[in-house]
Amino acid sequence: MSAYFQPIAKKAINFLRIVLFKLRILYYFILFTLRGDKRKSPEKLAKIRERRFQKLKKQLLKSPYYKEYVQEPMKLEDFPVIDKEIFMDHFDSINSRGIKKKDALEIAFKAEQSRDFSPSLHGITVGLSTGTSGNKGIFLVSKKEKAQWVAAMLDRVVGFSTKKRKIAFFLRANSSLYEASNSRLLSFNFFDLMAPFEQNFQRLNQLHADILIAQPSALRLIANSYQEQNIIPGFSKVISVAEVLESNDRSYLESVFQLQLDEVYQCTEGFLAFSCPHGNLHLNEDFLIIEKDYLDEDKKRYSPIITDLYRETQAVIRYKLNDILVQGIKCSCGCNFDVIEKIEGRTDDLIQLKNKAGKAINIFPDFFSRAISIASDQISYYELIQKKENSLSLYVEHHGNEEEIQHNLQKQIRDLLARFEVEHTEIQFIQSPELKKGQKLRRIRNEYIQTSENKS
Ligand SMILES: [Zn+2]
């Protein structure tokens, strides 16, 4: 008897779990809609965040790392600012579920190798971040946090519709976090970036997806294939994620897909910002506290220090990201969340050269990308890498005259360097790209500072 009923009971419990999870998503989605935080004034939003922070503090009592900060009546400013290294070093004590880093890593690596991304640890989803090298990050998400994430994505990115829609998601690694979005109305289709591209494109073409989500480098490949094969893509929404989206890529992609490209700023540390109908990137200021660590004197660029008011399993408190964000101006779409004009890259990729007085000067990657786009509009791809103290390596793909393009590039870059009084810098053209398949696209990279400081 029991042998007969056991599988049925198991199935029933599983079914109930799924139903409960979907109800949870619906609950948070309704909550986001009813609250209408996006339209609240900045002052009111600050009060709401403070209230949510006080609520989060109660949960932090379960985190050995944060317990002492919560027992005392401390303000957010009294908590330590941490970075990825500290976050990972204190993994065991930061998380509130007693999960050990080595167990989480084991699960995440196994998933990465088998390409089966469903396993979890005591009901907690374990994910691996797209670290550029050895310093990988792991993240933990509970069912509740997963439901909140899906609801926020539905509210801000995908949009709700009673029509059945298909999403094609190109990722380096899948996660059950993303698959959680699957429902009768929304079917989620994972495309493994590690699989051969032709195979992926064929599948994508047959799928007839409504929404396409991928990083700009993958979007470019997809757009190229549509053009080459003379197929008109029929997406209703295309969303760029995970990499810096440059303006020339944006215009190319928008012309091929014939729509306004959306952007999502999402990383291991959470869902940070989304594009509004006016095409501006808004930070999720209802569940994130963003402190700004300014990188320039006129307070235009900053690295965000984020506190996620929804993450309890693995608290994200005053976590400093090394991204370079450019402050935007208030948007007239009706959403009062702070605007980022763009994400420029990472502070690790600031190009650092010595000027004629011998002083080290930091130059933002964006200056170089602008100089390169001014040099020629026939460049389809490039990589600019600082490998030595005063030396830049440049790889360029183009459909123009090699000599002329190289000459213009030299001139534009030299003019740029002259503005910073940098004189003796070697500009070397290299013959092949250095980024490998599946690696995150960072067109402008500083490999010199990273190796000299032994950073990863
Ligand atoms: Zn807006």
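When only modelled atom types and interatomic distance are considered, Q202 and E198 share no side-chain donor-acceptor pair under 3.5 Å. Side-chain contact check for N401 and Q378: no donor-acceptor pair (N or O, by modelled atom type) lies under 3.5 Å. Counted by atom type alone, D286 and Y310 present zero donor-acceptor pairs between their side chains at under 3.5 Å.
With hydrogens and angles disregarded, a donor-acceptor distance shorter than 3.5 Å links the side chain of N284 to the backbone of F271. Looking only at distances, a side-chain donor or acceptor of R165 sits under 3.5 Å from a matching main-chain atom of V158. At least one donor-acceptor pair closer than 3.5 Å links the side chain of S63 to the backbone N or O of I94. Not one N or O on the side chain of R39 forms a donor-acceptor pair closer than 3.5 Å with the backbone of G36. A donor-acceptor pair under 3.5 Å is absent between the side-chain atoms of N336 and the main chain of P42, judged by distance alone. Side-chain N or O atoms of K320 include none that pairs as donor or acceptor with a backbone N or O of S303 at under 3.5 Å. Between the T307 side chain and the R318 main chain, a donor and an acceptor come within less than 3.5 Å of each other. With hydrogens and angles disregarded, a donor-acceptor distance shorter than 3.5 Å links the side chain of R250 to the backbone of L261. With hydrogens and angles ignored, the 3.5 Å screen pairs no side-chain donor or acceptor of D210 with any backbone N or O of K237. Side-chain atoms of N95 come within 3.5 Å of backbone N or O of F91 as a donor-acceptor pair.
A151 approaches I25 most closely through the heavy-atom pair CB-O, 3.7 Å. Nearest heavy atom pair, residue I343 against residue V244, reads O-CG1, 3.5 Å. The two residues N446 and Q386 make their nearest non-hydrogen contact at ND2-OE1, 3.2 Å. Closest approach of L281 and S275 over heavy atoms only: CD2-N, 4.0 Å. Of all non-hydrogen atoms in A195 and N200, the two that sit nearest each other are O-ND2, 3.9 Å. The minimum heavy-atom distance linking S142 with R97 is given by the pair CB-NH2, 3.9 Å.
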Inset, instruction - Could you please spell out the steps behind the side chain to side chain contact (heavy atoms under 4.5 Å, CB included) verdict for L409 and I372? - result: CA-CA 6 Å; L409 281 166; I372 292 168; 3.9 Å; yes

Legend entry - Residue pair K144, Q148: steps toward the side chain to side chain contact (heavy atoms under 4.5 Å, CB included) verdict: CA-CA 6 Å; K144 179 183 165 190; Q148 285 169 328; 3.9 Å; yes

Inset, instruction - Run the numbers on I48 and R52 for side chain to side chain contact (heavy atoms under 4.5 Å, CB included), then give the verdict. - result: CA-CA 6 Å; I48 291 171; R52 288 181 189 152; 3.2 Å; yes

Legend entry - Candidate pair D83 and I86, rule side chain to side chain contact (heavy atoms under 4.5 Å, CB included), full reasoning: CA-CA 5 Å; D83 58 13; I86 301 173; 3.2 Å; yes

Inset, instruction - Check the pair K62 / E312 against salt bridge (Lys or Arg N to Asp or Glu O under 4.0 Å), numbers first and verdict last. - result: CA-CA 9 Å; K62 293 182 210 149; E312 300 168 359; 5.8 Å; no

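Partner of I351 under the side chain to side chain contact (heavy atoms under 4.5 Å, CB included) criterion, out of L392, N362, I385, L416: L392 alone. Results of the side chain to side chain contact (heavy atoms under 4.5 Å, CB included) test with Y302 over I324, D323, L325, D293 single out L325 as the only residue that passes.
The ring of F32 has its center no closer than 6.0 angstrom to the ring center of F160.
Distance check, rounded to the nearest 0.5 Å: CG of D349 to CD1 of I444 gives 8.5 Å. Here the straight-line distance linking atom CD of E246 with atom CZ of R220 works out to 9.5 Å at 0.5 Å rounding. Atom CD in Q314 sits 9.0 Å away from atom CD in E145 (nearest 0.5 Å). Considering CG of L309 and CZ of R51, their distance stands at 11.5 Å, rounded to 0.5 Å.
Other residues, nucleotides and ligands contribute only 12 or fewer heavy atoms inside 6.0 Å of the CD1 atom of I329. The 12-atom threshold is exceeded at OH of Y294, counting heavy atoms of other residues, nucleotides or ligands nearer than 6.0 Å. A 6.0 Å sphere centred on CD1 of I232 holds no more than 12 heavy atoms belonging to other residues, nucleotides or ligands. The number of heavy-atom neighbours closer than 6.0 Å to CZ of R35, taken from other residues, nucleotides and ligands shown, is above 12. Other residues, nucleotides and ligands contribute more than 12 heavy atoms inside 6.0 Å of the CZ atom of R203.
Between Y226 and F235, the two ring planes are perpendicular [angle over 60°; tilted spans 30° to 60°].
In this structure, R301 satisfies the cation-pi test against F364, with its NZ or CZ atom closer than 6.0 Å to the six-membered ring centre and inside 45 degrees of the ring normal.
When side chains are defined from C-beta on, K38 counts as touching F337, because their heavy atoms get closer than 4.5 Å. For the pair F197/I222, a side-chain contact is recorded, criterion being any heavy-atom separation below 4.5 Å from C-beta on. Between I82 and Y65, some side-chain heavy-atom pair lies under the 4.5 Å cut-off. L204 is listed as a side-chain neighbour of L212, based on a closest heavy-atom distance under 4.5 Å. C331 places a side-chain heavy atom less than 4.5 Å from the side chain of H282. Residues E344 and L295 form no side-chain contact, since every pair of their non-hydrogen atoms from C-beta on lies 4.5 Å or further apart.
By the 4.0 Å N-to-carboxylate-O rule, D338 lies close enough to K292 to be salt-bridged with it.
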